[in-house]
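One structure below.
These numbers were taken from a predicted model, which means no experiment stands behind them.
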Amino acid sequence: MKESGQDGVCSFLVKFSKKLKACSRSGLVETKGETSPMKTTWYCPLDLSTVLEEEEDGVIYNVVVKQQHGAPTSATSSSRSQCVKAGTEEKLVQHLLHSFAMGDSSFITIFLSTYRSFTSTKRVLDILIDRLQHPPGESTKSQTRQPFNRAVCMVFSMWLSEYPEDFRSLGEPGLLLRLAPLLPSDPSGTEIRGRLLRLAEELSEQALLPDSSSDRTTPSPPADPTKFDPTNILGFPAGLIAEQLTKIETELFVRLVPYHCLGSLWSQRDKKGREDVCWSVRATVRQFNRLANAVMASCLWPTQLRSQQRACLLEKWISVAEECRARKNFSSLYAIVSALQSNPVHRLRRTWLETDREAVRRYEELSNIFSEKDNYSQSRELLKEEGTSKFANLDGKMTNRRQIGSSAQGTVPYLGIFLTDLTMLDTAVKDRLENGYVNFDKRRREFEVLAQIRLLQSSCKNGVFITDEAFLQWYQSVPSLNEEESYRLSNEIEVPCEPSSGRTLNPTVIITRCPNLNSSRTSLVADSDSHFDFPSPVCHFLSKFTKHMKSPSVSCLDVDSSHPTNDPIPSALTPSTPVKSHRRSVSCGNNPTNNNKGSGPEMRIVRIRMDLQDGNMYRSILVTSNDKTPTVISSALEKHSQDPKQAPRYELIQLLPEGKELVIPATGNVFYAMTSSSVDFLLCRQGGNTPFRSQPISTETSATFPRIKAKGRRLFF
């Protein structure tokens with residue numbers, strides 16, 4: 001029985017094998033009059049794309065040719081699309097009127113968002129007026145004239161709707177009066193003409209009454225210290241305080257002009273004669289520093305309080321920070337956390353020992369949101385998850401209206417993240433190609449960051465808030481504390497020579513530099529199914545730089561190991577890792593390099609300052625391990641709009657902690673000659689005095705956000 005069963009199985013397998021062979025030979029058709037139980041047709045659709053570069057009449061295009069092969073019976077199809085990579089100013093402006101017809105549908109939006117980086121509104125209007133004076137086609141009804149007229153209306157309609165301030169900034173109505181008669185005579189053109197004429201009328205009135213109106217945010221008058229009672233903050237519920245702070249931040253964020261965040265504009269804010277540049281970002285900076293000052297003043301001003309009473313103030317601000325987190329107000333949240341981590345507050349050991357342990361745990365969790373790890377990965381992930389959601393996601397559960405006491409609100413981000421990305425792009429990518437063409441690819445990458453800001457702004461426009469006059473009166477009464485006053489009050493509360501024991505808080509480093517961007521690279525183009533994705537364009541684009549270095553975040557903080565005051569800080573209160581100092585928004589942190597060899601030169605971004613009459617300005621320079629001193633000096637002179645040919649007349653000095661200086665040899669390798677303790681350099685004429693210590697740095701808005709010294713946390717105001 002056993003042998004006969006085995007024979008039957010073998011016989012079945014032989015028959016089945018023969019049938020498979022017959023089916024494969026006949027292409028799965030009928031065999032022996034029987035229909036095959038399965039008929040499968042295999043084919044692989046191929047989507048083959050070829051990317052080319054074509055130059056035509058002053059413009060370089062990226063051309064994508066796609067060939068798609070479908071089923072064997074279908075014909076091969078192909079499609080062609082092109083977008084501008086670079087071009088002359090004139091050709092880029094003229095491309096506004098032809099981009100939509102050529103399939104480059106995003107060009108108009110990107111150009112209007114970023115053109116101020118390489119040209120001016122007056123220049124753009126001059127080129128468009130010249131083009132409108134010589135339109136295509138012989139008559140208004142010709143086949144070429146009608147699409148041209150539609151493009152003209154579309155460009156000016158979008159420009160007037162999204163950036164009306166560009167036309168108001170002209171100062172005089174002459175260009176608008178020249179432009180209006182050239183617009184098409186159809187209904188769309190007539191409507192645009194009316195808007196331009198109304199703007200021209202406004203400009204004429206402003207010329208007669210220059211001080212009649214202003215939309216700038218002016219600083220409030222200084223507070224009266226005699227009317228300030230720090231402990232009054234305990235009488236306001238934490239939710240009410242967070243609601244009022246969110247109201248202030250939301251109004252500022254909605255008014256923010258996204259292109260003010262561009263690195264090429266923000267880096268010019270301290271230049272003499274450009275005090276009004278980036279006014280909307282300056283307003284956000286002032287509010288951030290004002291809130292951080294209020295937190296510090298309320299914790300330090302009442303020096304006569306006992307440690308238990310002062311701990312109640314810390315717990316109150318921690319609760320306010322939690323409420324800001326629930327309202328997705330990350331700007332106020334970071335301001336509060338930064339103030340609590342400042343050195344004058346952080347060093348109050350006895351006060352922190354009296355603070356509730358659960359409150360301290362929550363405070364540390366909030367601090368971790370702004371960790372520098374993986375280029376603000378946690379902050380970016382929160383923006384991705386909650387950016388356009390109605391409520392915050394806390395502990396995996398969405399907060400509801402009852403919890404936060406108001407309707408759904410938008411997200412107010414910490415603006416420093418976006419300023420970091422845009423400044424990195426501006427520093428690392430050239431504005432023009434070698435042939436002089438404007439690098440429009442750079443503008444596309446900048447626009448990706450600006451688009452994220454605009455998306456968050458749209459989520460904030462429907463917020464509804466109720467003003468609480470009592471809190472605003474207290475908030476406006478807070479006096480401003482400078483560095484010396486903060487430390488004096490802190491030392492009065494706790495003598496600096498006291499030994500440390502028991503539980504202490506290690507300050508969390510919030511923002512210094514981007515870690516290895518190679519580990520967090522993401523695609524420049526977000527997934528089409530995701531309506532709110534926040535990859536960092538800088539991470540992907542700078543990957544070729546970050547193979548051999550830790551790329552710095554060109555943002556708020558840099559290393560400064562100088563002692564803030566003459567009073568010594570106890571060594572037990574000194575953090576084990578260097579804490580970062582906030583000096584300028586275009587500064588860089590240290591750049592530890594990787595020792596990988598053989599793949600190209602190592603790189604580091606440094607800050608070089610010149611003592612010019614138009615203001616003391618830092619410029620970020622990319623230094624490689626191949627760069628000698630003359631090359632770096634020439635690059636620095638060019639960045640400062642000076643003649644690079646004058647490089648032999650200058651010397652490069654590295655500014656070290658504690659006021660020390662290191663003169664880089666005239667023919668040396670800067671990368672290897674510099675020390676890792678500082679990235680700040682001074683460029684001065686040979687034989688001249690170094691004026692670095694004689695001129696203090698402006699403290700109002702030269703910093704993006706809080707300045708934090710070594711030996712703990714410290715803010716400057």
So does [X] pair up with [Y], basic N to acidic O under 4.0 Å?
| X | Y | answer |
| --- | --- | --- |
| Lys442 | Asp431 | yes |
| Arg488 | Glu485 | no |
| Glu243 | Lys247 | no |
| Arg454 | Glu162 | yes |
| Asp166 | Lys122 | no |

Check whether any side-chain heavy atom of [X] sits under 4.5 Å from a side-chain heavy atom of [Y], and report yes or no.
| X | Y | answer |
| --- | --- | --- |
| Ser490 | Leu348 | yes |
| Leu683 | Arg609 | no |
| Ile233 | Trp317 | yes |
| Gln452 | Phe418 | yes |
| Ile241 | Leu245 | yes |
| Phe118 | Arg443 | yes |
| Gln268 | Leu262 | no |
| Leu340 | Ser338 | no |

Between [atom1] of [X] and [atom2] of [Y], what distance do you get to the nearest 0.5 Å?
| X | Y | atom1 | atom2 | answer |
| --- | --- | --- | --- | --- |
| Lys639 | Thr427 | NZ | OG1 | 5.5 Å |
| Arg347 | Ile493 | CZ | CD1 | 8.5 Å |
| Ile336 | Ser367 | CD1 | OG | 11.5 Å |
| Phe330 | Ile417 | CZ | CD1 | 9.0 Å |
| Leu489 | Thr303 | CG | OG1 | 6.5 Å |

Worksheet item: Think Arg168 forms a cation-pi with Tyr163, using NZ or CZ under 6.0 Å from the six-ring centre and within 45 degrees of its axis?
Response: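 Not satisfied by the 6.0 Å and 45° rule.
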
So, [X] versus [Y]: side-chain donor-acceptor pair below 3.5 Å or not?
| X | Y | answer |
| --- | --- | --- |
| Thr114 | Glu446 | no |
| Tyr259 | Ser117 | no |
| Tyr115 | Thr121 | yes |

For [Y], is there any backbone N or O sitting under 3.5 Å from a side-chain donor or acceptor partner on [X]?
| X | Y | answer |
| --- | --- | --- |
| Arg327 | Glu323 | yes |
| Gln244 | Leu472 | no |
| Ser459 | Leu456 | yes |
| Arg255 | Ser280 | no |
| Asn293 | Leu481 | yes |
| Thr423 | Thr420 | no |
| Thr355 | Thr351 | yes |
| Arg269 | Trp279 | no |
| Gln457 | Leu256 | yes |
| Arg325 | Val320 | no |

Practice prompt. Apply ring-ring contact (aromatic ring centres under 6.0 Å, His included) to the pair Phe236 and Phe471, showing each step before the final yes or no.
Written response: CA-CA 7 Å; Phe236 298 102; Phe471 170 76; 5.7 Å; yes

Closest contact, heavy atoms only, [X] versus [Y]:
| X | Y | result |
| --- | --- | --- |
| Leu313 | Pro302 | CD1-CG, 4.3 Å |
| Leu383 | Pro413 | CD2-CB, 4.1 Å |
| Leu300 | Ser486 | CD1-O, 3.8 Å |
| Leu655 | Ser678 | O-OG, 2.7 Å |
| Pro344 | Met296 | CG-CE, 3.9 Å |

Item to complete: Determine, stepwise, if the pair Asp421 / Arg380 fulfils salt bridge (charged side-chain N to carboxylate O under 4.0 Å, His left out).
Response: CA-CA 12 Å; Asp421 288 351; Arg380 294 181 189 277; 2.9 Å; yes

Practice prompt. Classify the ring geometry between Phe228 and Trp301 as parallel (under 30°), tilted (30 to 60°) or perpendicular (over 60°).
Written response: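 The arrangement is perpendicular - the two ring planes meet at more than 60°.
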
Practice prompt. Hey, can you tell me if Trp159 and Phe167 have their rings parallel, tilted or perpendicular (30° and 60° cut-offs)?
Written response: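 Taking Phe167 first and then Trp159, their aromatic rings sit tilted (interplane angle of 30° to 60°).
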
Item to complete: List the steps and the verdict of ring-ring contact (aromatic ring centres under 6.0 Å, His included) for Tyr334 and Phe288.
Response: CA-CA 9 Å; Tyr334 185 32; Phe288 188 102; 5.6 Å; yes

Worksheet item: Around atom CD of Gln309, are there more than 12 heavy atoms of other residues, nucleotides or ligands at under 6.0 Å?
Response: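 Above 12, so yes.
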
Item to complete: Measure from the ring center of His260 to the ring center of Trp266 and say whether it is less than 6.0 Å.
Response: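 Centroid distance His260-Trp266: not below 6.0 Å, so no.
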
